[in-house]
Q: 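Dumping the structure here so I can ask a few things about it.
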Amino acid sequence: MPRVSQADAKRRELLPVVAGAFAELGYRRVTTAELAERCGVRENILYRLWADKKSMFIAAIEYVYDLSEKIWAELFGPKATGSSAERLLEYESKHLGEFGHSRIIFAGLSEADDPDIRKALARMYARYQKFVLEQVTAHRDAHTPAGKADAAMAAWALVGLGTVVTITKELGLLKERDRVHLLAEMGRRLLD
């Protein structure tokens, strides 16, 4: 098995802190000096790990998906009941946006004129849709008669619904119980 480089290990160690800073301050307001201070390293250390601030931001975008996938993998253990899609909906209806990482995505959308950031966001959203599509397809194969709405479109709609629920949380538009109900109820309709 290939050895993990020290630089890769250090990136993985610092990435949650970097992502947290981007989530709190956004892309434009955070400086590399601020990132270095929060990480407890000198700026030159960050530049040894990433080429520039944009590379750090793109790594934070990737981190948002990777963390979600890691959490979801824990939901699908051998003792879990119901379909993976049902477990995913139940979990996300209660926990969506709790880390504040959606703010990284929203900050990225304001920078979508940059081709590298746009590409990173498109890749991240495509990964979310693909993952959700796999869960929807498996659920429908086991639970739903044929003839329902296209699974790929349902998966995109679920990703969109999650985004809307996150926006209502960020802006205080819905109470927590209403957000839970919105994602759980509408999500279930899209799932079936």
Side-chain angles (χ1 to χ4, degrees), residues 1-73 88 92 95-136 150-171 183:
M1 175 165 35
R3 290 180 51 186
V4 176
S5 77
Q6 289 181 350
D8 288 342
K10 192 67 171 175
R11 273 192 285 279
R12 278 196 308 279
E13 174 191 332
L14 298 180
L15 195 49
V17 178
V18 169
F22 282 123
E24 181 184 332
L25 299 173
Y27 179 67
R28 297 215 179 220
R29 285 186 18 215
V30 76
T31 64
T32 54
E34 174 73 21
L35 291 170
E37 181 179 326
R38 288 180 182 219
C39 289
V41 299
R42 295 183 316 275
E43 276 184 88
N44 68 324
I45 299 298
L46 292 180
Y47 286 118
R48 288 182 191 160
L49 300 172
W50 291 283
D52 52 23
K53 182 174 115 172
K54 181 169 69 171
S55 298
M56 294 174 212
F57 186 67
I58 289 171
I61 291 170
E62 292 167 357
Y63 173 78
V64 170
Y65 178 82
D66 292 341
L67 180 61
S68 296
E69 190 176 63
K70 180 181 175 186
I71 291 168
W72 296 336
L88 182 62
E92 288 299 325
H95 299 282
L96 185 66
E98 75 182 0
F99 297 117
H101 291 142
S102 56
R103 291 179 176 189
I104 295 169
I105 306 314
F106 297 147
L109 290 170
S110 72
E111 302 297 327
D113 58 330
D114 180 292
D116 298 325
I117 293 175
R118 182 176 51 251
K119 184 178 177 182
L121 287 169
R123 186 174 48 245
M124 183 216 59
Y125 272 112
R127 289 175 75 193
Y128 272 118
Q129 190 272 350
K130 181 180 181 228
F131 183 89
V132 172
L133 175 59
E134 290 168 359
Q135 311 321 307
V136 169
D150 180 83
M153 292 298 111
W156 276 119
L158 283 162
V159 170
L161 179 61
T163 301
V164 167
V165 169
T166 302
I167 290 169
T168 65
K169 178 179 183 158
E170 288 292 326
L171 300 178
L183 187 55

Q: Are the side chain of Arg11 and the backbone of Leu49 linked by a donor-acceptor contact shorter than 3.5 Å?
A: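 Checked: pair present.
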
Q: Mind listing the closest non-hydrogen atom pair of Pro16 and Tyr63 along with its distance?
A: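 Looking at all heavy atoms of both residues, the shortest contact is CB-OH, 3.5 Å.
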
Q: Decide yes or no on side chain to side chain contact (heavy atoms under 4.5 Å, CB included) for Leu25 and Glu34, but give the supporting numbers first.
A: CA-CA 10 Å; Leu25 299 173; Glu34 174 73 21; 3.9 Å; yes

Q: What's the shortest heavy-atom distance between Tyr27 and Ala107, and which atoms?
A: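 Scanning both residues, the minimum pair turns out to be N-CB, 3.9 Å.
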
Q: Could you grab the distance from atom CG of Leu46 to atom NZ of Lys53, nearest 0.5 Å is fine?
A: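 Between atom CG of Leu46 and atom NZ of Lys53 there are 12.5 Å.
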
Q: Side chain to side chain contact (heavy atoms under 4.5 Å, CB included), that's the test. Do Arg42 and Tyr47 meet it? Break it down for me.
A: CA-CA 9 Å; Arg42 295 183 316 275; Tyr47 286 118; over 6 Å; no

Q: What donor-acceptor contacts under 3.5 angstrom involve side-chain atoms of residues 153-168, with partners at least two apart or in another chain?
A:
from: Thr163; atom 1: OG1; to: Val159; atom 2: O; distance (Å): 3.1
from: Thr166; atom 1: OG1; to: Gly162; atom 2: O; distance (Å): 2.8
from: Thr168; atom 1: OG1; to: Val165; atom 2: O; distance (Å): 2.6

Q: Applying side chain to side chain contact (heavy atoms under 4.5 Å, CB included), name anything that partners Ala122, two or more places apart in sequence or on another chain.
A: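 Counting only residues at least two positions away or on another chain, Ala122 forms no side chain to side chain contact (heavy atoms under 4.5 Å, CB included).
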
Q: Can we say Lys119 and Asp116 salt-bridge, meaning some charged N sits less than 4.0 Å from an Asp/Glu carboxylate O?
A: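 The answer is no: the pair does not qualify as a salt bridge.
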
Q: Evaluate the side chain to side chain contact (heavy atoms under 4.5 Å, CB included) criterion for residues Met56 and Thr32: first the C-alpha distance (whole Å), next the side-chain angles of each, then the deciding distance (0.1 Å), finally the verdict.
A: CA-CA 9 Å; Met56 294 174 212; Thr32 54; 4.1 Å; yes

Q: To the nearest 0.5 angstrom, please state how far the CG atom of Leu88 sits from the CD atom of Glu134.
A: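 Between atom CG of Leu88 and atom CD of Glu134 there are 11.5 Å.
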
Q: For Tyr128, which residues count as a ring-ring contact (aromatic ring centres under 6.0 Å, His included) partner, sequence neighbours excluded?
A: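 Scan of Tyr128 (ring-ring contact (aromatic ring centres under 6.0 Å, His included), adjacent residues dropped) gives Tyr65, Trp72.
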
Q: May I ask you to test the Phe99-Ile71 pair for a side-chain heavy-atom distance under 4.5 Å?
A: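 Phe99 vs Ile71: side chains touch.
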
Q: How far does CD of Gln135 sit from CZ of Phe131, to the nearest 0.5 angstrom?
A: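 The CD atom of Gln135 sits 4.0 Å away from the CZ atom of Phe131.
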
Q: Where is the tightest heavy-atom contact between Ile104 and Phe57, given as atom of each residue plus distance?
A: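 Reported closest heavy-atom pair: O-CZ, 3.5 Å.
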
Q: Work out which heavy atom in Ala21 is nearest to a heavy atom in Leu35; give both atom names and the distance.
A: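 Taking Ala21 first and Leu35 second, the nearest heavy atoms are CB-CD2, 3.5 Å.
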
Q: How close do Ala151 and Val136 get, counting heavy atoms only, and between which atoms?
A: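 Smallest heavy-atom distance, with atoms named: CB-CG1, 4.0 Å.
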
Q: Measuring from atom CD1 of Ile105 to atom CE of Met124, what distance do you get when rounded to the nearest 0.5 angstrom?
A: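 One gets 4.0 Å once the value is rounded to the nearest 0.5 Å.
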
Q: Looking at every non-hydrogen atom in both residues, tell me the closest pair between Cys39 and Val18 and how far apart they are.
A: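 Taking Cys39 first and Val18 second, the nearest heavy atoms are SG-CG2, 3.8 Å.
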
Q: With rounding to the nearest 0.5 Å, note down the distance linking CZ in Arg127 to CD in Glu62.
A: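 So the gap between those two atoms works out to 7.5 Å.
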
Q: What distance do Glu111 atom CD and Arg28 atom CZ have between them, rounded to the nearest 0.5 Å?
A: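 The CZ atom of Arg28 is 4.0 Å from CD of Glu111, to the nearest 0.5 Å.
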
